[in-house]
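The structure appears below as structure tokens.
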Amino acid sequence: MTPEELSLAISACLKDAVAAGEIALAATDIPEAVRVERPKNREHGDWATSIALQLAKPAGTNPRQLATLLSARLASIAGVSAIDVAGPGFLNITVDAAAAGTLAKAIVEAGPAYGTNTALAGRTVNMEFVSANPTGPLHIGHTRWAALGDSIARVLRASGADVTAEYYINDAGSQMDVFAHSVLSRLHGRGVPEGGYPGEYIADLGHKVLTQHPDIRELTDVAALPVIRGAAYKEQLHDIQATLAEFGVEFDVFFSEQELHDAGAIADAVARLREQGHVFDDGGAVWLRTTDFGDDKDRVMIRANGEPTYFAADAAYYLSKKDRGFTEKIYLLGADHHGYINRLKAIAAAAGDDPEVNIEVLIGQLVSVNGAKLSKRAGNIIELKDLISWLGKDAVRYSLARFPADSPLTLDPELLKKHSNENPVFYVQYAHARSRGAARNAEAAGVDRSVEGKEAFDAALLDHATENELLSHLGSYPSIVAKAAELREPHRVARHLEVIAGAYHRWYDACRITPLGGEDITDLNRTRLWLNDATSQVLANGLDLLGVSAPERM
RNA sequence: GCGCCCAUAGCUCAGCUGGAUAGAGCGUCUGUCUACGGAACAGAAGGCCGGGGGUUCGAAUCCCUCUGGGCGCACCA
């Protein structure tokens, strides 16, 4: 019995009680699925719900009385062995071993599908993240969004959403000219130009451009710049894409800002928004009246000199997403961009969308390393690909994915460098590797999930306290995934995997799968193998959502 | 000045949108190996949940306020 099944059963009991006139409640007061929790204290049963405390007021009774009334009905749910009313009106539920144990088999049979749900089915989501300027390599400042965004996309897909992961390439602004100047300047050995990019990678890019265009230094600057701009940009973008791939981050679309300009989408966007009545002219510039939608000041779209602003491209880009049929556009931005929330939402509203529904801006706090802020302009960058080869993809992804985005994160490279279980990724991965090792060992000893072609599974045998605990955490996994998708918080998955890993290690310590030499193989051994394999499956499914590998051996 | 975010064990951080005695890892201390992988397990110590008010059966969680940090307020991108 999973917590989901239990919560639905409780909900049904409530409805029955109302229908029977035992409780004076409106049907709308009864939740479809009652929240059940794993009590912290084991003496409080397998599951607990505070539904009686929540409904006592609308029902016009006291919580204790309502709980007592409900307990009689809950006791009749199949698989429930005991109901206790505790404290101010908590209902503590104990499930019998057979009902709890069936889950092990169900998980093995569901395989990779265990934990997926359809809560977001039918939603077409555009998820934009990273979108680092193609003027330099990805560095630690981008790393968090890459890990987080990819995991959010995966979690959303696990909940049934149709997600397009998108990278917006800012290849049209003045930073591209600065970029080209920087490369050119290095090529001529002139050093870093005023306000230019200083990193060593600029020199590397210069070498690559030189290989493709051996005569580039013979050209005048005016002639060379466009060539360099095109070639260096292409190299840099390839580098970014290769790094993302190495990091296990998958994008469906790389969207070029320049193409928006080339296609006339900017002027088009201005015209469309003007049609909606939100565009006005002032001082020679063209403005969007974003203050109508909660922004603190109106924004210029076309400057007095006729050049479009970055904001205008943002608007055109948003319209592109809208035109491509995405009902929800999610932006993942760093805290240094939080001032953009209002203007982005204003674009959505001006375009006729509902800013509460069609656009969502997620803000993540910045990652710092040893207190030092790193920027590619300052030149003291830590590149993502160096981080990966240094610490490993799995450790970096996991350590970034296990924290919620809104808390500032300080990474200590010296700490991460240690390959100890100060980094919980090893704890979780080891639990998976250990369970696979146990399965290999069982196979070698002749333990099989079936005997003579028939499945050998007796759920009632999984009655040890550690089995009860492990099963309950495996059973909670789907609701954790659903919650992670709903709240866009994949760290919940990581945290839950750590709980499962701990429960697995304790179970492994207490219960043998393979019998000792000389002992017979029984259905107890076979049934435990089911539970072992179910745990492997859940750990692997969860790690996959985080973009972390589930090793067979370590 | 205005706005967003944060403050929980010595350290890094959780806390399932208001529930029972606030948790985990690391660090410290004490135990468990002639058993499937010890990268494990059991236990101890460690807390005015930044301060102060409020809301109610009940607050780390919601509201107000103060303090202390991070970030942002362009016809830059």
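Quick caveat, the model's predicted, so the values are computed rather than measured. Lettering of chains follows the sequences in order, A, B, ..., and the numbering in each one begins at 1.
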Check the distance between [N]'s [atom2] and [X]'s [atom1] and give it to me in whole angstrom.
X: A/R144; N: B/U12; atom1: CZ; atom2: C1'; result: 13 Å
X: A/R495; N: B/A22; atom1: CZ; atom2: P; result: 20 Å
X: A/Q54; N: B/G58; atom1: CD; atom2: C1'; result: 12 Å
X: A/L332; N: B/C5; atom1: CG; atom2: P; result: 16 Å

Backbone N/O of A/S549 and side chain of A/D394: donor-acceptor pair under 3.5 Å: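 Checking the backbone N and O of A/S549 against the side chain of A/D394, a donor-acceptor pair under 3.5 Å is found.
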Given [options], identify the nucleotide with an atom nearest to the side chain of [X].
X: A/D509; options: B/G19, B/A40, B/A39; result: B/A40
X: A/H491; options: B/A39, B/C73, B/G15; result: B/G15
X: A/F426; options: B/A39, B/A35, B/A74; result: B/A39
X: A/D406; options: B/C6, B/G72, B/A20; result: B/C6
X: A/R506; options: B/G37, B/G15, B/C41; result: B/C41

Find out whether the Lys NZ or Arg CZ of A/R299 is both under 6.0 angstrom from the six-membered ring centre of A/W287 and within 45° of the ring's axis.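 Pair A/R299/A/W287 does not count as cation-pi.
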Can you confirm if the NZ or CZ of A/R229 lies within 45° of the ring axis of A/F179 and under 6.0 Å from the centre of its six-membered ring?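 Checked: cation-pi criterion not met.
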Take atom [atom1] in [N] and the same atom in [M], then report the distance between them in whole Å.
N: B/A40; M: B/C26; atom1: P; answer: 7 Å
N: B/C13; M: B/U8; atom1: P; answer: 9 Å
N: B/C29; M: B/G10; atom1: C1'; answer: 14 Å
N: B/A42; M: B/C33; atom1: C1'; answer: 13 Å
N: B/G15; M: B/A22; atom1: C1'; answer: 8 Å
N: B/A24; M: B/C49; atom1: C1'; answer: 16 Å
N: B/G68; M: B/C2; atom1: P; answer: 15 Å
N: B/A60; M: B/A7; atom1: C1'; answer: 11 Å

For B/U17, decide between syn and anti, treating a glycosidic angle within 90° of 0 as syn.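 This nucleotide is in syn.
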Between [X] and [N], does any side-chain N or O lie under 4.0 Å from OP1 or OP2?
X: A/Y477; N: B/C16; result: no
X: A/N441; N: B/G37; result: yes
X: A/H337; N: B/C4; result: no

Measure across A/I363 and A/A335 and return the closest heavy-atom pair with its distance rounded to 0.1 Å.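 Shortest heavy-atom contact: CG2-CA, 3.7 Å.
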For a quick check of understanding: with a heavy-atom distance under 4.0 Å over all strands, which category does [X] fall into, base, sugar-phosphate or nothing?
X: A/H496; answer: nothing
X: A/L487; answer: base
X: A/H505; answer: sugar-phosphate
X: A/G283; answer: base
X: A/A439; answer: nothing

Between A/Y317 and A/E166, does any side-chain donor sit less than 3.5 Å from a side-chain acceptor?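 There is such a pair (donor and acceptor under 3.5 Å, judged by atom type) between the side chains of A/Y317 and A/E166.
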Given that A/I302 and A/P404 both sit by RNA chain B, which one's nearest nucleotide is further toward the 5' end?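 Nearer the 5' end of the strand: A/P404.
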Which residue lies more 5' along RNA chain B, comparing A/F311 with A/R35 via nearest heavy atoms: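 The residue whose closest nucleotide sits nearer the 5' end is A/R35.
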Would you mind reporting whether A/T116 and A/V481 have side-chain heavy atoms less than 4.5 Å apart?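 No, every pair of side-chain atoms sits at 4.5 Å or beyond.
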